[in-house]
Novice: 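Supplied in structure tokens, the structure appears directly below.
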Amino acid sequence: MGQVRVLTRLEELSAVAAAWKVLGGDHLTRSWEFQRCWIEHFASVGSLRILVSEFEGRINGILPLVVERRLWTVRTLGNVGAGKACLDDLGIVAVPEDAPTVAKSLAQFLLHSKELQWDYLTLDGIRPSDPAMQVFAHEF
């Protein structure tokens, strides 16, 4: 399936920029330029957790997340900017043919990782028709 690593600082984003540009394709809200701006603007609301999926030495998927401390759910893991702005096309950044495999790998990482500590997962800003996110949700 591959491996997943976690980026936690804005400074680390430049290391995945080239791959992100390829993976985002012509998807405006998943493009490197849009997401970089989005992350810089909204990352301050929580602790940045960018999941980077790699298979056979190449990045094949990225899921930008943050962990927020919320009174009612303690540590909430969610999409960057979700609930703060109107956008319904957040999710996994991957080429369509790799998206289901990437989604499964990222979900399994979240379910079994001791590195990430979270109590609640929210997927605000995800289109219900997104095939990768359907696979991701199914894993839970």
Novice: Starting at CZ of F136, measure out to CG of L110 and round the result to the nearest 0.5 Å.
Specialist: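 Answer rounded to 0.5 Å: 5.0 Å.
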Novice: Hey, which of L51, V4, V52 is the one that makes side-chain contact (heavy atoms from CB on, under 4.5 Å) with L63?
Specialist: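 Testing L63 for a side-chain contact (heavy atoms from CB on, under 4.5 Å) against L51, V4, V52 leaves exactly one candidate, L51.
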Novice: With distance as the sole test, does D98 use its side chain to make a donor-acceptor pair with the main-chain N or O of N60 at under 3.5 Å?
Specialist: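 The answer is no, because no donor-acceptor pair under 3.5 Å joins these two groups.
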Novice: In Å, rounded to the nearest 0.5 Å, how long is the span from CD of E56 to CD of Q3?
Specialist: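 Nearest 0.5 Å value for the CD-CD distance: 12.0 Å.
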Novice: Any salt bridge linking E40 with R36? Criterion: basic side-chain nitrogen under 4.0 Å from a carboxylate oxygen.
Specialist: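 Looking at R36 together with E40, the answer is yes, because their closest N to O distance falls below 4.0 Å.
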Novice: Would you kindly confirm whether V135 and L111 end up in one hydrophobic cluster when ILVMFWY residues are joined by side chain heavy atoms under 4.5 Å apart?
Specialist: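 No, no single cluster joins them.
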Novice: OG of S14 to CG of L7: how many Å apart, nearest 0.5 Å?
Specialist: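 The distance works out to 9.5 Å.
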Novice: Taking atom types as modelled, is there a side-chain donor on Q108 or H112 under 3.5 Å from an acceptor on the other?
Specialist: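 Indeed, the side chains of Q108 and H112 share at least one donor-acceptor pair under 3.5 Å.
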Novice: Can you tell me how far OG1 of T101 sits from CZ of F55, rounded to the nearest 0.5 angstrom?
Specialist: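 Between atom CZ of F55 and atom OG1 of T101 there are 8.0 Å.
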Novice: Side chain to side chain contact (heavy atoms under 4.5 Å, CB included), that's the test. Do T76 and D119 meet it? Break it down for me.
Specialist: CA-CA 6 Å; T76 300; D119 302 304; over 6 Å; no
Novice: Could you state whether W38 and M133 fall into the same hydrophobic cluster, counting links through intermediate Ile, Leu, Val, Met, Phe, Trp or Tyr residues with side-chain heavy atoms under 4.5 angstrom apart?
Specialist: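 The answer is yes; both residues are in one hydrophobic cluster.
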Novice: Does the side chain to side chain contact (heavy atoms under 4.5 Å, CB included) test come out yes or no for K21 and V16, once each step is laid out?
Specialist: CA-CA 9 Å; K21 289 177 182 181; V16 298; over 6 Å; no
Novice: Side-chain heavy atoms under 4.5 angstrom apart, residues restricted to Ile, Leu, Val, Met, Phe, Trp, Tyr: same cluster for V93 and V22?
Specialist: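 No: no chain of side-chain contacts under 4.5 Å links V93 to V22.
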Novice: Going from CD on E54 to CD1 on I62, what distance comes out if it is rounded to the nearest 0.5 angstrom?
Specialist: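 That separation rounds to 9.5 Å.
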Novice: The test is side chain to side chain contact (heavy atoms under 4.5 Å, CB included); show your working for L65 and W118 and say whether it passes.
Specialist: CA-CA 11 Å; L65 301 170; W118 56 279; over 6 Å; no
Novice: If only atom types and distance count, is the side chain of R49 paired as donor or acceptor with the main-chain N or O of V6 below 3.5 Å?
Specialist: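 The answer is no, because no donor-acceptor pair under 3.5 Å joins these two groups.
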Novice: Would you check if V95 and L23 make a side-chain contact, meaning some heavy-atom pair closer than 4.5 Å?
Specialist: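 Contact flag for V95/L23 side chains = yes.
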Novice: Given 3.5 Å as the limit, does a donor-acceptor pair link the side chain of S105 with the main chain of V102, or not?
Specialist: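 Checking the backbone N and O of V102 against the side chain of S105, no donor-acceptor pair under 3.5 Å is found.
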Novice: State plainly whether the residues D130 and R30 are in salt-bridge range, i.e. N to O under 4.0 Å.
Specialist: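 Salt bridge between D130 and R30, a charged N being under 4.0 Å from a carboxylate O: yes.
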Novice: At their closest point, which heavy atom of A99 faces which heavy atom of A94, and how far apart are they?
Specialist: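 Heavy-atom minimum between the residues: CA-CB, 4.1 Å.
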Novice: Using modelled atom types and a 3.5 Å cut-off, is there a donor and acceptor pairing between side-chain atoms of Q35 and backbone atoms of T29?
Specialist: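 Pair found, side chain donor or acceptor close to backbone of T29.
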Novice: Identify the heavy atoms of L10 and L48 that sit nearest to each other, and give their distance.
Specialist: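 Answer, listing the atom of L10 first, then L48: N-CD2, 4.0 Å.
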Novice: Could you give the distance from CD (E33) to CH2 (W20), rounded to the nearest 0.5 Å?
Specialist: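 The distance works out to 11.0 Å.
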Novice: Please walk me through it: do L121 and F140 pass side chain to side chain contact (heavy atoms under 4.5 Å, CB included)?
Specialist: CA-CA 10 Å; L121 176 65; F140 286 92; 3.7 Å; yes
